[in-house]
Amino acid sequence: MQVASYLPDRNLAMELVRVTEAAAISAARVKGRGNKEVVDQAAVDAMRQVLSGTSLTGTVIIGEGEKDEAPMLYNGEVVGNGQLPEVDVAVDPVDGTRLTAEGRGGALAVIAVAEKNSMYAPGSLVYMDKLAVGEAAAGTVDINAPVEYNLAQVAKAKDKPVSAVTAVVLDRPRNQPYIEAIRAAGARITLIGDGDIQGSITAASSGFGADILLGIGGSPEAVTSACAMAALRGEIQCKLWPRDESEREYAMEHGLDLDQVLTTRDLVNSDDTFFAATGVTTGSMLKGVRFGGVHTTTHSVVMRGRSGTIRFIEADHRVEWVGDETGA
């Protein structure tokens, strides 16, 4: 009897969290040493090793290759142990390699999967203009509208004044117009150094002190965030953001519409999404890896799109289990 190629009743996120735990532990071991490449390689090696034993056949759609030129977990690589289901995979072994290298907070190890052929592939266009909100404001915002309009819409949806709305923005010169517009509207700002996957999720969740994410960040992070949005019932809107004329030409050659507003459904066309993230260093959503005594402690979140289930998991790992970075 032929087995279905996709098994929606199996919560893959509960298995994928082992992957992000291993990556987070490995990255945290070299925290603060000032070397981004060492951080990324440690996480990539651990993530790939644990993925190789995970029961799935995944094609990496969002990987390390385009943006970070990594030799493993590159776009198009096949991962897993060859069993069903067949899935698309988005990985960010460390969302915040610079943060980890500098010993700063807010870095995550992240993986998301969805049914095969459902994830958007931005190719070499590695940046997008983004807007993300939670369930209350979903359907009321428009990335093409002025910043003050979207802040007002979020304020109305959450029944509070604009002055009580907090916008999360990646702290980059390219986002200065957003910062100025938010300040002019009288809203609050949380600037983040890296890691706008976490920024999108906190903006779409309750209890993290954020209401909306605005600004230009990574395209891979947008697709990965969309997998979490399915569970959060939030909304992300994006537009490809070419950095120069060569990227504009690339878009034309590959039929990519720079004016198109990419919705959550455009970024991942499936309800069967699974998302797992583990804190590498402590941030607004997750605690970082803690080493001490016999145990190493991790803090993770796992999400399943179809059911909307969100779980936070704190795990103690015996040191001998993770000595080779594979036993999380």
Side-chain angles (χ1 to χ4, degrees), residues 106 112 120 128-171 175-192 195-218 221-239 241 259-271 273 275 277 283-286 301 303-312:
Y120 180 81
M128 288 182 179
D129 199 357
K130 308 179 192 179
L131 180 157
V133 294
E135 185 173 8
T140 72
V141 292
D142 180 358
I143 195 171
N144 286 324
V147 167
E148 56 267 29
Y149 170 85
N150 287 317
L151 293 173
Q153 290 297 98
V154 172
K156 181 179 178 181
K158 293 196 165 186
D159 193 25
K160 60 184 180 182
V162 170
S163 60
V165 172
T166 297
V168 179
V169 183
L170 194 61
D171 189 9
N175 286 327
Q176 191 60 35
Y178 276 106
I179 294 169
E180 293 173 0
I182 294 164
R183 287 174 175 162
R188 301 166 178 161
I189 299 178
T190 295
L191 293 175
I192 55 175
D196 65 356
I197 293 176
Q198 185 166 214
S200 296
I201 292 172
T202 55
S205 306
S206 59
F208 296 113
D211 301 294
I212 183 171
L213 175 127
L214 292 165
I216 298 158
E221 289 84 352
V223 178
T224 308
S225 297
C227 292
M229 286 294 168
L232 294 165
R233 307 299 192 251
E235 179 180 9
I236 185 167
Q237 297 178 16
C238 303
K239 296 176 71 174
W241 190 79
D259 294 319
Q260 180 186 3
V261 175
L262 298 164
T263 65
T264 309
R265 182 63 75 170
D266 291 321
L267 295 171
V268 57
N269 188 23
S270 176
D271 293 318
T273 65
F275 176 94
S284 57
M285 181 173 67
L286 296 172
V301 61
M303 306 184 191
R304 185 180 188 185
R306 183 171 292 279
S307 64
T309 304
I310 301 166
R311 292 181 173 92
F312 286 88

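Fair warning: this is a prediction, and the values are worked out from it, not measured in the lab.
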- Note on the structure: Nearest heavy-atom approach of Ala230 to Thr273 is CB-OG1, 3.3 Å
- Item | Point-to-point distance, once rounded to the nearest 0.5 Å, from CD1 of Ile143 to CD1 of Ile236 | 8.5 Å
- Message: Pair Lys130, Leu214 - check side chain to side chain contact (heavy atoms under 4.5 Å, CB included), show working.
- Response: CA-CA 6 Å; Lys130 308 179 192 179; Leu214 292 165; over 6 Å; no
- Query: Which pair of non-hydrogen atoms, one from Leu151 and one from Ala187, has the smallest distance, and what is that distance?
  - Reply: CD1-CB, 3.9 Å
- Task: Look up atom CZ in Phe275 and atom CD1 in Ile310, then write down how far apart they are to the nearest 0.5 Å.
- Result: 10.5 Å
- The reported gap from OH in Tyr178 to CD1 in Ile216 (rounded to nearest 0.5 angstrom) is 6.0 Å
- Message: With heavy-atom distances below 4.5 Å as the criterion, would you say the side chains of Lys239 and Leu262 are in contact?
- Response: no
- Query: Is any side-chain heavy atom of Tyr149 closer than 4.5 Å to a side-chain heavy atom of Asn144?
  - Reply: no
- In short, Val162 meets Ala152 closest at the heavy-atom pair CG2-CA, 3.9 Å
- Query: Got a second to check how far Ser200's OG is from Glu221's CD, nearest 0.5 Å?
  - Reply: 9.0 Å
- If we only count heavy atoms from C-beta on, is the Met303 to Thr309 side-chain gap below 4.5 Å? no
- Message: Under a 3.5 Å distance rule, please check whether Gln198 uses its side chain to pair with a backbone N or O of Met285 as donor and acceptor.
- Response: yes
- Please lay out, stage by stage, how Arg265 and Asp271 fare under the test side chain to side chain contact (heavy atoms under 4.5 Å, CB included). CA-CA 9 Å; Arg265 182 63 75 170; Asp271 293 318; 2.9 Å; yes
- Query: Do Leu131 and Leu213 come within less than 4.5 Å of each other through their side chains, counting heavy atoms only?
  - Reply: no
- Query: Of the non-hydrogen atoms in Ala226 and Thr264, which two are nearest, and what is the gap between them?
  - Reply: O-CG2, 3.8 Å
- Message: Is there a side-chain contact between Met229 and Thr263 in this structure, where contact means two heavy atoms from C-beta onward sitting under 4.5 Å apart?
- Response: no
- Query: For Lys156, does the NZ atom sit with more than 12 other heavy atoms under 6.0 Å from it, leaving out its own atoms?
  - Reply: no
- Message: By the definition side chain to side chain contact (heavy atoms under 4.5 Å, CB included), identify the one residue from Ile201, Ile192, Ile189 that meets it with Val168.
- Response: Ile192
- Query: Any side-chain heavy-atom pair from Cys238 and Val261 closer than 4.5 angstrom?
  - Reply: no
- Task: Drop me the distance from Leu170's CG to Asp196's CG, to the nearest 0.5 angstrom.
- Result: 5.5 Å
- Query: With a 4.5 Å heavy-atom cut-off, do Val141 and Glu235 have their side chains touching?
  - Reply: yes
- Query: Less than 4.5 Å apart, any side-chain heavy atom of Val133 and any of Asn150?
  - Reply: no
- Which atom pair, heavy atoms only, marks the closest approach of Thr190 to Thr166? OG1-CG2, 3.4 Å
- Item | Ala185 backbone acceptor or donor facing Glu148 side chain under 3.5 Å | no
- Tyr120 and Val223: which non-hydrogen atoms are nearest, and at how many Å? O-CG2, 3.7 Å
- Distance in Å, Cys227 SG paired with Leu232 CG, rounded so as to fall on 0.5 Å steps: 11.5 Å
- Message: As a quick check of understanding, evaluate salt bridge (charged side-chain N to carboxylate O under 4.0 Å, His left out) for Arg188 and Asp211, giving each step before the final call.
- Response: CA-CA 10 Å; Arg188 301 166 178 161; Asp211 301 294; over 6 Å; no
